[in-house]
Structures are given as C-alpha cells and as structure tokens.
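Following: one structure in structure tokens, then a few remarks.
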Amino acid sequence: MTAQKSTDCTLSRRTSVAARIAALDPEKEFEAIARLLYAYEFSWDIERALEFALFRAYAVPSISGLLARTGEFEIRPRKRYDDTELILCEAMEHGLESDRGRRAIARINTMHGRYRIANADMLYVLSTFMCEPIRWLDRFGRRPMTAPERRAWFLYYRGLGERMGVGDIPDDLEGMKRYNAAYEAEHFRYADTNHRIGEVTRDLLLGFYLPRRLVPFGRPAVHAFLDPPLRRAMGFPPAPVLLRQALWATLNLRARLLRILPLRRRPRHLTQLPRPTYPGGYEIERLGTFRSRYERRGYRNAGREP
C-alpha cells in the first residue's frame, strides 16, 4: 500500500505517467509499471481488452464446458463477472505479495483446485491477459505500449501465473505470443457451450451500456470486434462490414482526441466502482463460485474491508 500511495502522490503533481514509467526498471519494478498502466495510462482500454479476452477463453470447448458445468455463469453472470474482475484487480492494485494480493490469489487457487484444469488451458488464459491489452492498444489506443511497458506487463502476469501454479510459462512476451497463436489454432472450434457462455457474456457486457430491450440491437457491435476464427468458434454471425468500419473508425478517432486531451490525474481503481452485486462492499474470501470456509462457519460481514 505504501508504494501505491507514493505513486498517486507523485502523479498528483502532474508528472506524466509515461515519464514516471520510463524512470522505472521493468525487470525490478514491473508491478509499479503495470499498476500505472492499469490505473492511469490505459485504464478504459485495458478493461475493454480484458472483456474481449473473455470471449477468447470461451471459444475453447474445455474451458466453456467447465463453466457450463458449474452453472454459475449462466445463472448469475454479473456476479461471476464481478468476482473475476475484483479478484484480479485486488492483486493488481495492492501488489502480488501484499496481504490482499495474497488472499486474492489464494482465493483463485482454492476455486481452481476444485476442478481438473489442464495446465495448457490455464497457460492460454494467462496468455490472453498478457496479449490482448497490448493488441488492443496497438489497434485503438492513443499510443501503443512501449517495449519496457510490454516487458513489465508480461512480467506482472508471469508473476501472477507462477503464484497460481501455472507451469511452462515462456521466458518472454514473444514466446507467449507464439504459444497463444499455436493454442488457438489447435483448440478454437465450435461447441454449444462456447455459444451459450458467449451469448451470456455478450449480453452482460452490452447491458452495461444499453437498456435491456436494446441489447439485441447491440449484438452486432460486439461481433464487429471478434476476428473470424473466434466468431466461428463462438457460433456468432459476422457483423455488417459498414458497422465494423464505423466502430473501428470511431475508436481511432477517440485515440486521436485522447492525444490532445488532458491526461488522467486520478487513478481509476476497479475495486472502488459501485457494483449492484455487492452494494455494501465485499470480502475477498467470499468472492467466487462456491461458499468459503468463512461462510460455512457462519461468518457474516457485509461491509468493505479496510
């Protein structure tokens, strides 16, 4: 927490984020760099990129099949989405070795430990966390990540993956990109569970921006950002060409505008956003798709932790 407060204080004096990052060593201070990218420099873009990364995981039958068997995503999709985002952001915001970071990672490991999940699948999901934000920023960001930023982003998620027990993690981003591409070529294929989980995810994300009655009209907009192999694996129809071109042009215009607008001055921490799933706050040990030891022992505390 001390490092986080120091970073925020420095930025409040109008030090540019890019300059602050450039002064850090990506080999040793990768967590600080990743946090600045997430909370300041590319906050909106990284969140969108990771939302679309969900579809890539759900295009794999072994992954979508597991989610379908738990039933949680189809029954309570908003809670499942919020739980995933909150757990990952706890580690990002507070640090992998912080108390809250350790507890969030322990929660992930406890949930995953209930199922037989192939290391290859775990490694692929990890690769999407590394690769998709970089790709999104290359296409739609006000600037791409620099080489040191990409290295730090990779090292942060490698550290997360190691703490989750993921094996065979490549030594660098290029190796992870190769793994990502080879895995998708081998494992992307249509399955009914891909389609079902994908539909729920798509409509959930659209519901953040549209009234429920308008969600069906927004579905082609989501399809416009899915590449053909991904769409086919999900069983989604292609978006109209003109719609795709208009949406991509809009995001490119946004990027140009961001280059001349003032930079973000305050951090955007996703753990602090109001969520209907947790109107009174949340406990890390109660996030997830099953009841924790605390709940089984009758532990109750609806307030947010300090």
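Values reported hereafter were calculated over all heavy atoms of this structure, with side chains retained and with hydrogens, waters and symmetry mates removed.
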Please set out all donor-acceptor pairs under 3.5 angstrom arising from side-chain atoms of residues 146-155, sequence neighbours excluded.
from: Thr146; atom 1: OG1; to: Glu149; atom 2: N; distance (Å): 3.3
from: Thr146; atom 1: OG1; to: Glu149; atom 2: OE1; distance (Å): 3.4
from: Glu149; atom 1: OE1; to: Arg143; atom 2: NH1; distance (Å): 2.9
from: Glu149; atom 1: OE1; to: Thr146; atom 2: N; distance (Å): 2.8
from: Glu149; atom 1: OE2; to: Arg143; atom 2: NH2; distance (Å): 2.8
from: Arg150; atom 1: NE; to: Met145; atom 2: O; distance (Å): 3.1
from: Arg150; atom 1: NH2; to: Asp138; atom 2: OD1; distance (Å): 2.7
from: Arg150; atom 1: NH2; to: Asp138; atom 2: OD2; distance (Å): 3.4
from: Arg151; atom 1: NE; to: Glu27; atom 2: OE2; distance (Å): 2.9
from: Arg151; atom 1: NH1; to: Asp171; atom 2: O; distance (Å): 3.2
from: Arg151; atom 1: NH2; to: Glu27; atom 2: OE1; distance (Å): 3.3
from: Trp153; atom 1: NE1; to: Phe129; atom 2: O; distance (Å): 3.1

Ring centres under 6.0 Å, that's the criterion: do Tyr156 and Phe30 meet it?
no
Would you call Glu47-Arg268 a salt bridge at under 4.0 Å N-O?
yes
Pairing residues for Asp203 by the salt bridge (Lys or Arg N to Asp or Glu O under 4.0 Å) criterion, not counting sequence neighbours:
Arg219
Do Asp82 and Tyr282 have side-chain N/O donor and acceptor atoms under 3.5 Å apart?
no
If you measure from SG on Cys89 to NE2 on His269, what distance do you get to the nearest 0.5 Å?
9.5 Å
Ring centroids only, cut at 6.0 angstrom: are Phe140 and Trp248 within range, meaning strictly under it?
yes
Contact between Asp121 and Tyr183 at the side-chain level, heavy atoms closer than 4.5 Å - yes or no?
yes
Taking every non-hydrogen atom, the tightest pair across Arg286 and Tyr278:
O-OH, 4.4 Å
Co-membership, hydrophobic cluster, residues Phe42 and Leu253, 4.5 Å side-chain
no
Side chains of Ser16 and Leu263: closer than 4.5 Å at any heavy-atom pair?
yes
Any side-chain heavy-atom pair of Tyr190 and His195 under 4.5 Å:
yes
Determine whether a donor-acceptor pair (N or O, by modelled atom type, separation under 3.5 Å) exists between the side chain of Tyr179 and the backbone of Ala120.
yes
How long is the span from the CG atom in Leu54 to the OG1 atom in Thr128, to the nearest 0.5 Å?
8.0 Å
Please round to the nearest 0.5 Å and tell me the distance separating atom CD1 of Ile87 and atom CE of Met92.
14.5 Å
Go through the structure and list residues passing side chain to side chain donor-acceptor pair (under 3.5 Å) with Tyr38, not counting sequence neighbours.
Glu93
List the residues meeting side-chain contact (heavy atoms from CB on, under 4.5 Å) with Thr84, not counting sequence neighbours, and say none if there are none.
Arg80, Leu88
Qualifying residues under side chain to side chain donor-acceptor pair (under 3.5 Å), relative to Asn119, sequence neighbours excluded
none
With Tyr157 via side chain to side chain donor-acceptor pair (under 3.5 Å) - residues at least two apart
none
Can any side-chain N or O of Glu29 pair as donor or acceptor with the backbone N or O of Asp25 at less than 3.5 Å?
yes
Arg76: what forms a salt bridge (Lys or Arg N to Asp or Glu O under 4.0 Å) with it, not counting sequence neighbours?
Glu72
Enumerate, atom names and distances included, each donor-acceptor pair closer than 3.5 Å involving a side-chain atom of residues 208-218, sequence neighbours excluded.
from: Tyr209; atom 1: OH; to: Arg48; atom 2: NE; distance (Å): 3.3
from: Tyr209; atom 1: OH; to: Arg48; atom 2: NH2; distance (Å): 3.3

Which atom names give the shortest non-hydrogen contact between Gly198 and Phe55, and what distance separates them?
O-CE2, 3.6 Å
Going by the salt bridge (charged side-chain N to carboxylate O under 4.0 Å, His left out) test, which pairs reach into residues 157-167, not counting sequence neighbours?
Glu97-Arg163, Arg158-Glu162
Applying side-chain contact (heavy atoms from CB on, under 4.5 Å) to Asp83 and Arg107, what does each step give before you reach the verdict?
CA-CA 10 Å; Asp83 287 350; Arg107 188 62 172 162; over 6 Å; no
To the nearest 0.5 Å, what is the distance between CD (Glu90) and CZ (Arg102)?
15.0 Å
Report whether Leu261 and Tyr40 are members of the same hydrophobic cluster (ILVMFWY, side-chain heavy atoms less than 4.5 Å apart, transitive linking).
no
Test side-chain contact (heavy atoms from CB on, under 4.5 Å) applied to Arg256 and Arg142, step by step
CA-CA 6 Å; Arg256 290 194 291 272; Arg142 62 180 179 82; over 6 Å; no
Show me the side-chain donor-acceptor pairs of residues 225-245 shorter than 3.5 Å, one per line, residues at least two apart or across chains.
from: Asp227; atom 1: OD1; to: Leu230; atom 2: N; distance (Å): 3.2
from: Asp227; atom 1: OD2; to: Arg56; atom 2: NH1; distance (Å): 2.7
from: Asp227; atom 1: OD2; to: Arg56; atom 2: NH2; distance (Å): 3.0

Indicate the atoms forming the closest heavy-atom contact of Ser64 with Ile197, along with that distance.
O-CG1, 4.0 Å
Is any side-chain heavy atom of Arg254 closer than 4.5 Å to a side-chain heavy atom of Leu257?
no
How long is the span from the CG atom in Leu270 to the OG atom in Ser43, to the nearest 0.5 Å?
6.0 Å
Minimal non-hydrogen separation, Ala68 against Arg196, with atom names:
CB-NH2, 3.7 Å
Worked check of side-chain contact (heavy atoms from CB on, under 4.5 Å) between Arg69 and Thr193
CA-CA 9 Å; Arg69 287 195 298 275; Thr193 52; over 6 Å; no
Decide whether Leu258 and Ile46 are clustered together by the hydrophobic rule: side chain heavy atoms of Ile, Leu, Val, Met, Phe, Trp, Tyr closer than 4.5 Å, transitively.
no
Examine Leu37 and Leu50 and state if one hydrophobic cluster contains both, with Ile, Leu, Val, Met, Phe, Trp and Tyr joined whenever side-chain heavy atoms are less than 4.5 Å apart.
yes
Closer than 3.5 angstrom, by distance alone: can the side chain of Lys79 be matched with the main-chain N or O of Gly288 as a donor-acceptor pair?
yes
Would you say Ile105 ends up clustered with Tyr115 if hydrophobic residues are merged whenever their side chains have heavy atoms under 4.5 Å apart, either directly or through other cluster members?
yes
Under the side chain to side chain donor-acceptor pair (under 3.5 Å) test, residues paired with Arg189 that sit two or more places apart
none
For Leu126 and Gly161, the nearest pair of non-hydrogen atoms, with its separation, is CD2-CA, 3.9 Å
Side-chain heavy atoms of Pro61 within contact of Asn194, under 4.5 Å:
yes
Under the rule for ring pair (Phe, Tyr, Trp, His ring centres under 6.0 Å), what residues qualify as partners of Tyr58, not counting sequence neighbours?
Phe73
Are Leu160 and Met164 packed together at the side-chain level, in the sense that at least one heavy-atom pair is separated by less than 4.5 angstrom?
yes
Least distance between heavy atoms, Arg139 atom then Asn252 atom
O-OD1, 3.0 Å
List the steps and the verdict of side-chain contact (heavy atoms from CB on, under 4.5 Å) for Ile63 and Val125.
CA-CA 9 Å; Ile63 297 174; Val125 174; 3.9 Å; yes
Could you grab the distance from atom NZ of Lys28 to atom CD of Glu31, nearest 0.5 Å is fine?
15.0 Å
